[in-house]
Amino acid sequence: MSSLNQQTARYQRDKLYEKLAKPGKNYSVYSNKHYPGEILLGEYQVEEIFQDKDSGFYALGSVSTSGKNPPVLVIRGFGNWGSLEDFPREFLPYKDISDVVMTQSDSHLQAAKKIGVIEWLRNQVSKGEKPDVVGQSLGGKVAQQLAVEVPEYIDSLITFNSIGISSQEFENYQGEVAIFHYINPVDFVPYVLGDKFLPGTIFQVYNPTIKTSDFLGQHNNLVLEKADTVIKEVKIESFYWVRELYQSIRSYRRMVQKEVEELNQIAKQDDEDDEVSTNKSSQAIRQQFDVSLQAVQQEFNNITQAIRQELLANTDRKSAAELLQQRVSSSVEVIQKEIEILSVTVQQEIRDSGRTFKSFSQRLKEELKDSVGMVKQKLEKLLQVETKSKIQQELDVKSDRI
């Protein structure tokens, strides 16, 4: 279980923090029925409740009843910034609202500063105890932002499947806070939202009993207390590489969607311009669109699955990286082939009907080419990272033998 041994105080405390930070029973920060003096998990007493209805910010400032643990600020994640229907598409059938997420989370930080969160942190320090700050998802991002703002008032920062902070905030961080990020490799949130994570220890946490298709389960379910949960520490380079790959895949997917949409518009426009267009021609084009789109969707699903398998692999990391490169490259080839088939079909049907094919923009072609190149570049980077890691491991083994 790497450096996070079940017997350590860190692990035992973070199990409690996970229960407080994730949706669940009445002790969870997601419950809106808390009150000052309330006892949570038999260990913490709610001292102050922070709530801003305009932004949706909500947090609990609590102190240890046993005196064995530090005070803790737990920040709620999924707030009033959006609805499930607006989530990024790859989180299930939801639309992309990453910009909305980031904008509203910044308003959460401003709300926290306005309603006295920093004062509460300062007061705990004045009493002789630096508090921990904990957050899940959106709350993890706000927790990191607070660590940037007032690191001198925070002992430890613990996040669960957090959103990243901006690159500028990352550069502004000057603290020495003990930071622990718990990240589920099957959860998209930590990998596609935000730019950076404050430097610290990253634990990859995965429970095989949760279905990979269950997005909310992967994001929200308690896992630290489960005996079959797999926990391992991962290098920051590997984590950032996966984030970059996911984002390049998303960019590539958007380019593919743009090209398909432009082809669709060309086909529709030419069909409208030709009064004698046959239903047979239109039907052939529509059938090819259906076939190609289904194939493209399947390949993007295959890419996502391949990345997840690489993350969960317990075999040789370099071999896993090479296999991932092969799988993603194969899927990209299929996607490009389907787009080409679709383009040729549209061109042929239009020309057979005596019309002129209106080619899509050169700029779009270049953007698609660039996005494919970016995916390949990220795959090459992974191989470099894992090859370097394997060489270092071999050197470490030789050094131990000497």
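Keep in mind that the numbers below use all heavy atoms, side chains included, and drop hydrogens, waters and symmetry copies.
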Legend entry - Check: Glu340 main-chain N/O paired with Ser343 side-chain donor or acceptor under 3.5 Å: no
Inset, instruction - Give, for atom CD of Glu299 and atom CD of Glu338, the distance between the pair rounded to the nearest 0.5 Å. - result: 8.5 Å
Inset, instruction - Calculate, to the nearest 0.5 Å, the distance between atoms CG and CD belonging to Leu342 and Glu259 respectively. - result: 8.5 Å
Inset, instruction - Find out whether the Lys NZ or Arg CZ of Arg286 is both under 6.0 angstrom from the six-membered ring centre of Phe289 and within 45° of the ring's axis. - result: yes
Inset, instruction - Mark yes or no for whether Glu18, through its side chain, and Leu224, through its backbone, hold a donor-acceptor pair below 3.5 Å. - result: yes
Inset, instruction - State, yes or no, whether a side-chain contact exists between Ile202 and Phe197 at a heavy-atom distance under 4.5 Å. - result: no
Inset, instruction - Apply side chain to side chain contact (heavy atoms under 4.5 Å, CB included) to Leu73 and Leu146, showing your working. - result: CA-CA 11 Å; Leu73 176 75; Leu146 284 172; 3.9 Å; yes
Legend entry - For the student: nearest non-hydrogen atoms of Tyr30 and Ala21, plus distance: CE1-O, 3.0 Å
Inset, instruction - Check the pair His219 / Gln136 against side chain to side chain contact (heavy atoms under 4.5 Å, CB included), numbers first and verdict last. - result: CA-CA 9 Å; His219 190 59; Gln136 181 234 11; 3.7 Å; yes
Legend entry - Sub-6.0 Å ring centroid separation between Phe300 and Tyr252: yes
Legend entry - Side-chain H-bond candidate by donor/acceptor type, Gln294 with Asp290, under 3.5 Å: no
Inset, instruction - Kindly give the heavy-atom pair with the smallest separation between Ser137 and Gly77, and that separation in Å. - result: CB-CA, 4.5 Å
Legend entry - Partner of Tyr182 under ring pair (Phe, Tyr, Trp, His ring centres under 6.0 Å), chosen from Tyr17, Tyr206, Phe203: Phe203
Inset, instruction - Using a 4.5 Å cut-off on heavy atoms from C-beta on, say whether the side chain of Gln51 contacts that of Ile115. - result: no
Inset, instruction - Hey, could you give me each pair passing salt bridge (charged side-chain N to carboxylate O under 4.0 Å, His left out) that has a residue in residues 128-138? Not counting sequence neighbours. - result: Arg13-Asp132
Inset, instruction - Report the distance from atom CZ of Phe50 to atom CG of Leu60, rounding to the nearest 0.5 Å. - result: 9.0 Å
Legend entry - Whether Thr229 side chain and Asn207 backbone form a donor-acceptor pair below 3.5 Å: no
Legend entry - Inter-residue atom distance Leu222.CG - Lys15.NZ, 0.5 Å rounding: 11.0 Å
Legend entry - Aromatic ring proximity, centroids under 6.0 angstrom, Tyr191 and Phe239: yes
Legend entry - Side chains of Val63 and Gln124 in contact at under 4.5 Å (non-hydrogen atoms): yes
Legend entry - Student check: side-chain heavy atoms of Lys33 and Asn26 closer than 4.5 Å: no
Legend entry - Any donor-acceptor N/O pair, Ser167 side chain to Asp195 backbone, under 3.5 Å: no
Legend entry - Option from Asn161, Asn184, Asp187 for which side chain to side chain donor-acceptor pair (under 3.5 Å) with Gln218 holds: Asn184
Legend entry - Flag side-chain contact, heavy atom, 4.5 Å: Lys141 against Glu169: yes
Inset, instruction - Could you check Val296 against Val256 for side chain to side chain contact (heavy atoms under 4.5 Å, CB included), going step by step and ending with a plain yes or no? - result: CA-CA 9 Å; Val296 167; Val256 169; 4.0 Å; yes
Legend entry - Minimal non-hydrogen separation, Pro23 against Ser28, with atom names: CA-OG, 3.7 Å
Inset, instruction - Mark yes or no for whether Ser126, through its side chain, and Asn123, through its backbone, hold a donor-acceptor pair below 3.5 Å. - result: yes
Legend entry - Shortest non-hydrogen separation from Gly140 to Thr159 and the atoms involved: O-CG2, 3.9 Å
Inset, instruction - Would you name the heavy atoms of Ile49 and Pro36 that are closest together and state the gap between them? - result: CD1-CD, 3.9 Å
Side-chain donor-acceptor distances from residues 38-45 under 3.5 Å, at least two apart:
| from | atom 1 | to | atom 2 | distance (Å) |
| --- | --- | --- | --- | --- |
| Glu38 | OE1 | His34 | ND1 | 2.8 |
| Glu38 | OE1 | Tyr35 | N | 3.2 |
| Glu38 | OE2 | His34 | ND1 | 3.4 |
| Glu43 | OE1 | Ser66 | OG | 3.0 |
| Glu43 | OE2 | Ser64 | OG | 2.4 |
| Glu43 | OE2 | Ser66 | OG | 2.8 |
| Glu43 | OE2 | Asn69 | ND2 | 3.1 |

Inset, instruction - Without swapping roles, check the side chain of Arg76 against the backbone of Ser31 for a donor-acceptor pair under 3.5 Å. - result: no
Legend entry - Close side-chain approach of Phe57 and Ile75, heavy atoms under 4.5 Å: yes
Inset, instruction - Enter the distance from Glu171:CD to Gln174:CD here, rounded to the nearest 0.5 Å. - result: 9.0 Å
Inset, instruction - Would you sort out whether Gln325 and Ser329 count as a side-chain hydrogen bond (donor to acceptor under 3.5 Å, both in side chains), showing the intermediate values? - result: CA-CA 6 Å; Gln325 185 181 45; Ser329 297; 5.5 Å; no
Legend entry - Main-chain N/O of Tyr153 paired with Arg122 side-chain donor or acceptor, under 3.5 Å: no
Legend entry - Euclidean distance, Leu263 CG relative to Lys258 NZ, rounded to 0.5 Å: 14.5 Å
Inset, instruction - Indicate whether the side chain of Ser162 and that of His181 have a donor and an acceptor atom separated by less than 3.5 Å. - result: no
Legend entry - pair Glu333-Lys337: side-chain heavy atoms closer than 4.5 Å: no
Inset, instruction - Can you tell me which residue pairs pass the salt bridge (charged side-chain N to carboxylate O under 4.0 Å, His left out) test with a partner in residues 147-168, sequence neighbours excluded? - result: Lys113-Glu149
Inset, instruction - Check the pair Ile231, Val205 against side chain to side chain contact (heavy atoms under 4.5 Å, CB included), reporting the backbone distance first and the verdict last. - result: CA-CA 5 Å; Ile231 305 175; Val205 186; 4.1 Å; yes
Legend entry - Test item: Ile210 and Val186 side chains (from C-beta on) under 4.5 Å apart, heavy atoms: no
Inset, instruction - Please name the pair of heavy atoms, one in Ala147 and one in Leu198, separated by the smallest distance, quoted to 0.1 Å. - result: CB-CD1, 3.7 Å
Inset, instruction - Determine, for Tyr240 and Lys196, whether the Lys NZ or Arg CZ falls below 6.0 Å from the six-membered ring centre while staying within 45 degrees of the axis. - result: yes
